[in-house]
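Reading through the structure tokens given below for one structure.
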Protein chains: 2
Amino acid sequence: MPTRAPQQRRRRRPTASGVLLSKELITETALRLIGEHGPEALSVRRLGAALGCDPSALYRYFRNTDDLLLAIADRIIGDAMAGFVPGPDWVASLREMAMRVRAGYLAHPRAAAMASYRVTRRENEFRAVETGVGLLLSAGFAPARAVRLYLAFIDTVLSHAALDAACQALPREQREADEQAWTEAYQALDPAAYPALTSVREELRSMADSSFEEAVDLLLVALAARAPGHAET
Amino acid sequence: MPTRAPQQRRRRRPTASGVLLSKELITETALRLIGEHGPEALSVRRLGAALGCDPSALYRYFRNTDDLLLAIADRIIGDAMAGFVPGPDWVASLREMAMRVRAGYLAHPRAAAMASYRVTRRENEFRAVETGVGLLLSAGFAPARAVRLYLAFIDTVLSHAALDAACQALPREQREADEQAWTEAYQALDPAAYPALTSVREELRSMADSSFEEAVDLLLVALAARAPGHAET
DNA sequence: ACTTTGCGTCAATGCTGTTGACATAAGGAC
DNA sequence: GTCCTTATGTCAACAGCATTGACGCAAAGT
């Protein structure tokens, strides 16, 4: 009778090409595949080919492709949050968390775009939520409020990061065309029909840049103002 | 020699089932299909079946499915902002704008999720930016500041709306699994390893709900506090 | 009535995820 | 060292997907 836990792998049988498969290796290869050839390059068949195994072998490690996708997403979270330790200043700590998540997404823009709105329900996500909720509790918010405010915070961070990642994942041609729109199409508008846009014409170029930091900072200002103990106006 | 523009259709030949196809009819039917049978119901084959025509007939009207999705997205934008008139209260007006965008996205989540990060450079977008920037100018912000704050605002709205839309666009199975994670996987965590999560255990269920309104309201509070003429703390 | 051609239809291609049967080798028991 | 169990890699097959090229009908223009 086997004494080991059933999910613990006991045997490691090499594939025809000699590779030893593992969840780790599969998620790494998938991430590399997406990074090199774009998100549409991720299919069970291509992943199998990249690993040197039969496509169906992957189903020994993941229930289906969604399961694999969640594993990839959780790995991105883990990489982004690796080594992060919250400090005494909860606002500054949340800010660093936001910047880390964004950096992690931008490091794998094409994978991030696929997974930003999912709940991975895996260890790295557990830890991140624990950290974020803990920071808001330490700020003095009551549990129900801390949870909702954390959700507003992390959704803003994740969705903004996904936006940036999606833009970065666009083909160069298309991205440049989008950026040029602000200095071309928007400069040629009829002043009578678009008075506000005309009066800010010189500033429209900055619409091509990310608003991530401003949006996060605005949100953190609002959070800080609502924290218990903060001097109300 | 034909005098008509080449893109203008001259002949309307009915399909085998007697339907007269058109771009309008196809986008309408696609939206209805998504609305009635969920986002995964939209495939060229099913759309063809719903229209009573061969799937390949659609390629006479759209270059590919992406082209079709963009046509649908354009229609969503127009519908969402139709009839919107900004009022005297700039904060309330921005708020209504946000809610309209979100409603438009949620009404057609699949199409919205795929098109949210594209810059349309079309009239509906021009008008929306004009309106939004105009509201911030009316609040007293200087041009450069108004543009950047509008960007932070609209990116928050769009990315959050896209997040909600993407969740709604998930297959029922996956969406339910993601929601259940908060009442199952997150309830079973080790209290010693996850003290913060344990102390807010009862409230975690609310993580499955959207944070759109809270995030937008927090942002608007921060914007209002930064407006010229606002009493500083 | 005749010609042109827009466009609906059919058939085929090569993708996709997923599954069940099968084979083989790893590892424990003795 | 031998045997047995079983984890796991492989193979074949299925259904559904977007897309395309050839074909031919019927509607519009003359």
Side-chain angles (χ1 to χ4, degrees), chain A residues 1-26 29-30 33-34 37-72 114, chain B residues 1-26 29-30 33-34 37-72 110-111 114 170-171 173-174:
Chain A
M1 181 176 269
T3 54
R4 287 166 177 273
Q7 66 268 28
Q8 187 161 352
R9 296 187 177 258
R10 296 162 46 209
R11 316 189 186 175
R12 315 308 313 282
R13 175 178 169 185
T15 70
S17 63
V19 184
L20 275 179
L21 293 180
S22 69
K23 278 200 171 197
E24 284 273 307
L25 179 64
I26 294 173
T29 307
L33 212 60
I34 294 172
H37 302 108
E40 66 279 3
L42 186 63
S43 75
V44 182
R45 286 172 154 79
R46 268 193 277 254
L47 186 50
L51 283 161
C53 71
D54 189 273
S56 64
L58 302 176
Y59 289 86
R60 302 282 179 203
Y61 296 85
F62 300 97
R63 261 180 298 109
N64 48 38
T65 49
D66 191 58
D67 195 26
L68 169 61
L69 179 70
L70 292 181
I72 293 172
M114 302 169 64
Chain B
M1 180 177 268
T3 54
R4 287 166 178 273
Q7 66 269 26
Q8 187 162 353
R9 294 186 178 259
R10 297 162 45 210
R11 317 192 183 175
R12 315 310 311 282
R13 174 177 168 186
T15 70
S17 64
V19 183
L20 276 179
L21 293 181
S22 70
K23 277 200 171 196
E24 283 274 307
L25 179 63
I26 294 172
T29 306
L33 211 61
I34 295 172
H37 306 294
E40 66 276 8
L42 186 62
S43 76
V44 180
R45 285 173 152 76
R46 269 193 276 252
L47 185 51
L51 284 162
C53 71
D54 189 272
S56 63
L58 302 176
Y59 290 87
R60 301 280 179 204
Y61 296 85
F62 300 97
R63 260 180 298 111
N64 48 38
T65 51
D66 194 56
D67 193 27
L68 168 61
L69 273 165
L70 289 182
I72 294 171
R110 176 115 189 263
M114 299 185 69
L170 280 175
E173 202 175 79
Q174 289 167 22

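Every chain is numbered from 1, with letters handed out A, B, ... down the list of sequences.
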key: Residue met sooner reading DNA chain C from 5', once A/Pro55 and B/Pro55 are mapped to nucleotides   =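 Closest to the 5' end, via its nearest nucleotide, is B/Pro55.
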Take the protein atom [atom1] of [X] and the nucleotide atom [atom2] of [N], then report the distance between them rounded to whole Å.
X: A/Leu51; N: D/dT10; atom1: CG; atom2: P; result: 11 Å
X: A/Asp67; N: C/dG17; atom1: CG; atom2: P; result: 14 Å
X: B/Leu58; N: C/dT9; atom1: CG; atom2: P; result: 10 Å
X: B/Leu47; N: C/dT9; atom1: CG; atom2: P; result: 13 Å
X: B/Tyr59; N: D/dA18; atom1: OH; atom2: P; result: 6 Å
X: B/Asn64; N: C/dC15; atom1: CG; atom2: C1'; result: 16 Å
X: B/Ile26; N: C/dG8; atom1: CD1; atom2: P; result: 8 Å
X: B/Arg63; N: D/dT20; atom1: CZ; atom2: P; result: 11 Å

Of the nucleotides [options], which has the atom closest to the [X] side chain?
X: B/Ala57; options: C/dG17, C/dG8, D/dG21; answer: C/dG8
X: A/Arg60; options: C/dT18, D/dT8, D/dT19; answer: D/dT8
X: B/Asp54; options: C/dT9, D/dT10, D/dT19; answer: C/dT9
X: B/Arg46; options: D/dT10, C/dC10, D/dC17; answer: D/dC17

Do you know the tightest heavy-atom contact between [X] and [Y]?
X: B/Thr29; Y: B/Ala50; result: CG2-CB, 4.0 Å
X: A/Ala41; Y: A/Leu33; result: O-CD2, 3.7 Å
X: B/Tyr59; Y: B/Asn64; result: CE2-CA, 4.1 Å
X: A/Leu20; Y: A/Leu25; result: O-CD2, 3.4 Å
X: A/Tyr61; Y: A/Ser22; result: CE2-CA, 3.9 Å

ask   = Between the base of D/dG16 and the side chain of B/Arg45, is there a donor-acceptor distance below 3.5 Å?
value =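 Such a pair does not exist between side chain and base.
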message = Mind checking if B/Ser43 touches a base, just sugar-phosphate, or nothing, with heavy atoms under 4.0 Å?
response =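 Contact class for B/Ser43: sugar-phosphate only.
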Distance below 4.0 Å between A/Ser56 side-chain N/O and C/dT19 OP1 or OP2 = no
N or O in side chain of B/Tyr61 less than 4.0 angstrom from C/dG8 OP1/OP2 = yes
